[in-house]
Amino acid sequence: MGETAKLEFGGKTVELPVVAGSEGEKALDISKLRASTGLITLDPGYMNTGACKSAITFLDGEKGILRYRGYPIEQLAEKSTFLEIAYLLIFGDLPAKGEFEEFKENITHHSMVHEDMRRFYDGFPKDAHPMAILSSAVSALSTFYQDTHNPKDEAAVRMSIYRLIAKLPTIAAYAYKKSIGQPFVYPDNSADYCSNFLNMMFSVPCEKYSVDPTQAKALDLLLILHADHEQNCSTSTVRIVGSSMANLFASAASGIAALWGPLHGGANQAVIEMLQMIQQDGGDIKKYIAKAKDKASGFRLSGFGHRVYKNFDPRARIIKKACDEVLAKMGKRTPLLDIAKEIEEAALKDDYFVERKLYPNVDFYSGIIYSAIGIPVNMFTGMFAIGRLPGWIAQWCEMMKDPDLKIGRPRQVYTGANERQYVSLEKRK
Ligand code: CMC
């Protein structure tokens, strides 16, 4: 037996195997704990719980490191493209030229959604939140492809992967068009992934529209930075739903729902709303820093803090730099960027944030770029979903091939009433 840890309980000593990851991270294997001691572990928020072994994304929150399949995020952000990253995450290696061409071709040729899907949009209210539409529509996709539900059928899964990555931008753009009362724009298969999306969002039948390459590139960068982040809330949701052998569409739809919350992907919307509020309130940064520190206020600095990053979020660094570059290239200035920078500067000097290791996260600056591109605020989290989709897929596929796969089913420590006897309604006081 390799390295072990000893646990003494109830007069017995049990040895728990220590499992080491390829970057030296160590974990206690407690899979036999209950059988040998009767104990379970209690870990609210899974702060110390590894739910799986994974070879997809490595992050070291103390050092601010993020790598997809071993490649540093900084290199990928500078040199790669979102679709190449999608391939890398899902299949494990960067594609050879021919492999990539085939992958792109498959994604491109599945970008239209079934015409009947378009009618779903009639049923949603005009002001429906795009995340609700995205999650419903992705779940509904499964009804059109019922022959591809078997998670163990590799060809079927591959087809679902193409369909999901290809159709999510179309579904998202339709949600936006519906909200502003404009006609849906069909995908343009001659355009690259991000240009096609921007075209579906912003072109109208009566006017010429050409996609600004700076905007398409900026969007591609944001999608790369969102593409995976190991066992976060939405990814863990996708895995747990998939662990019941639910199909890929159903699992991805659950990931979208989990991402919606303001503590997760919804933070990018919350950040811009917060910056706008601060601006409208006269731009008094100090007031809002003080409010964030006051627990009774219930206010938090959106886009600050992270469960894992306790040094800096490398994605935030890349986006902050991109903000300056993209806005300059587009000849745009926004006071919100100045406010954001002032907040960051003030927070990083403030003991409260320093002691708690609270730094800007990926969501702090991303909304500024989305706004500059013209993406409406309530679509920000949907953009995050498009970006995160390859990560969810990669994690779901890895799980399906994992020999240790078991249905996700945590236990609990019951704290409710002990056994009591039923009293009929007439006799109850
Ligand atoms: N503003 C003010 N105080 C904060 C903040 C914040 N943004 N974040 C954490 N704290 C405080 C918190 O009150 C607590 O203080 P104390 O120790 O005195 O009780 C301490 O810092 C630790 O916070 P926590 O909530 O226990 O930490 P967590 O790991 O459970 O939560 C988090 C992480 C990201 C949910 C949290 O930092 C947060 O709510 N941030 C704002 C929302 C946000 O930006 N979310 C996006 C996360 S990154 C992208 C993504 O995952 O989608």
Side-chain angles (χ1 to χ4, degrees), residues 43-49 57 59 61-62 64 66 73 131 134-135 222-239 254-275 277-278 285-320 339-340 343-370 377 380-392 395:
D43 186 20
Y46 310 121
M47 307 263 292
N48 308 280
T49 297
T57 289
L59 73 88
E62 272 69 38
L66 172 62
I73 191 66
M131 288 302 275
L134 256 55
S135 160
L222 291 175
L223 298 186
I224 290 174
L225 297 176
H226 282 130
D228 194 48
H229 214 233
E230 50 119 300
Q231 308 312 317
N232 54 83
C233 175
S234 56
T235 302
S236 299
T237 304
V238 169
R239 277 187 177 258
S254 72
I256 296 172
L259 189 71
W260 191 0
L263 296 189
H264 191 13
N268 57 12
Q269 174 172 345
V271 170
I272 285 289
E273 287 168 352
M274 174 186 80
L275 295 176
M277 179 176 76
I278 297 174
I285 309 292
K286 276 194 192 143
K287 176 176 158 186
Y288 285 91
I289 294 272
K291 211 172 158 191
K293 289 165 27 176
D294 173 12
K295 296 270 162 38
S297 74
F299 173 80
R300 278 188 171 197
L301 273 191
S302 291
F304 255 77
H306 197 277
R307 170 62 58 81
V308 183
Y309 290 121
K310 301 296 173 197
N311 181 327
F312 65 91
D313 181 337
R315 303 166 301 173
R317 275 201 178 159
I318 297 170
I319 300 182
K320 185 181 176 187
I339 294 177
I343 291 178
E344 178 182 349
E345 208 186 313
L348 296 186
K349 279 194 223 136
D350 191 297
D351 284 350
Y352 174 96
F353 293 90
V354 174
E355 277 161 18
R356 290 170 180 76
K357 300 186 170 144
L358 302 170
Y359 294 83
N361 59 49
V362 68
D363 292 320
F364 194 62
Y365 287 104
S366 64
I368 291 174
I369 301 189
Y370 286 136
V377 175
F380 287 2
T381 315
M383 306 313 302
F384 194 155
I386 295 173
R388 185 55 54 87
L389 180 62
W392 292 332
Q395 301 271 350

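In each ligand, atom 1 is the first atom listed, and ligand 1 is the first ligand listed. Position 1 is the first residue of the sequence, and the numbers go up from there.
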From atom 13 (O) of ligand 1, work out which of Lys295, Lys357, Lys310 has a heavy atom at the shortest distance. Lys295
Counting only heavy atoms closer than 4.0 Å, does ligand 1 sit against the backbone of Leu358, its side chain, both, or neither? side chain
Within a distance of under 4.0 Å, is there any protein heavy atom near atom 48 (S) of ligand 1? yes
Between Ser302 and ligand 1, does any nitrogen or oxygen pair lie at a separation below 3.5 Å? no
For atom 51 (O) of ligand 1, find the nearest protein heavy atom and state the residue, atom name and distance (0.1 Å precision). His264 ND1, 3.1 Å
So for Gly45, does at least one of its heavy atoms come nearer than 4.0 angstrom to any atom of ligand 1? no
Is the Phe380 ring parallel, tilted or perpendicular to the Tyr370 ring (thresholds 30°, 60°)? tilted
Using a cut-off of 6.0 Å, state whether more than 12 heavy atoms not belonging to Tyr352 lie near its atom OH. yes
Which residue holds the protein heavy atom closest to atom 34 (C) of ligand 1, what is that atom called, and what is the gap in Å? Gly305 O, 3.6 Å
Would you mind finding which of Lys291, Arg356, Arg300 brings a heavy atom closest to atom 12 (C) of ligand 1? Arg300
Answer yes or no for atom 25 (O) of ligand 1: protein heavy atom present at a distance under 4.0 Å? yes
How about atom 37 (O) of ligand 1: does it have a protein heavy atom within less than 4.0 Å? yes
Leu259, portion touching ligand 1 at heavy-atom distance under 4.0 Å: neither
Checking side-chain contact (heavy atoms from CB on, under 4.5 Å) between Ser234 and each of Arg388, His229, Arg239, which is the one that passes? Arg388
Residue, atom and distance of the protein heavy atom nearest atom 45 (N) of ligand 1 read Leu263 O, 3.0 Å
Determine the sole option in Ile272, Ile319, Val271, Asn361 for which the side-chain contact (heavy atoms from CB on, under 4.5 Å) test with Ser366 is passed. Ile319
Quick test: of every protein heavy atom, which one is nearest to atom 27 (O) of ligand 1, and how far off is it to 0.1 Å? Arg307 NE, 4.9 Å
Hey, are Glu344 and Tyr365 close enough side-chain-wise for a donor-acceptor pair under 3.5 Å? yes
Would atom 22 (C) of ligand 1 count as contacted, meaning some protein heavy atom under 4.0 Å? no
If you take the centroid of each ring, where Trp contributes its six-membered ring, are Tyr309 and Tyr359 closer together than 6.0 Å? no
Non-hydrogen side-chain atoms of Leu301 and Phe364 separated by less than 4.5 Å: no
Any idea which of Phe364, Phe299, Phe304, Tyr352 brings a heavy atom closest to atom 3 (N) of ligand 1? Tyr352
Contact check: Ala267 vs ligand 1, nitrogen or oxygen atoms, below 3.5 angstrom: no
Of the protein's non-hydrogen atoms, which lies at the shortest distance from atom 42 (C) of ligand 1, and what is that distance? Pro262 O, 3.9 Å
Ligand 1 contacted by Asp363 (non-hydrogen, < 4.0 Å): yes
When only distance counts, is Leu301 in polar contact with ligand 1, meaning an N/O pair under 3.5 Å? yes
Between Asn361 and ligand 1, which residue portion shows a heavy-atom distance shorter than 4.0 Å: side chain, backbone, both, or neither? side chain
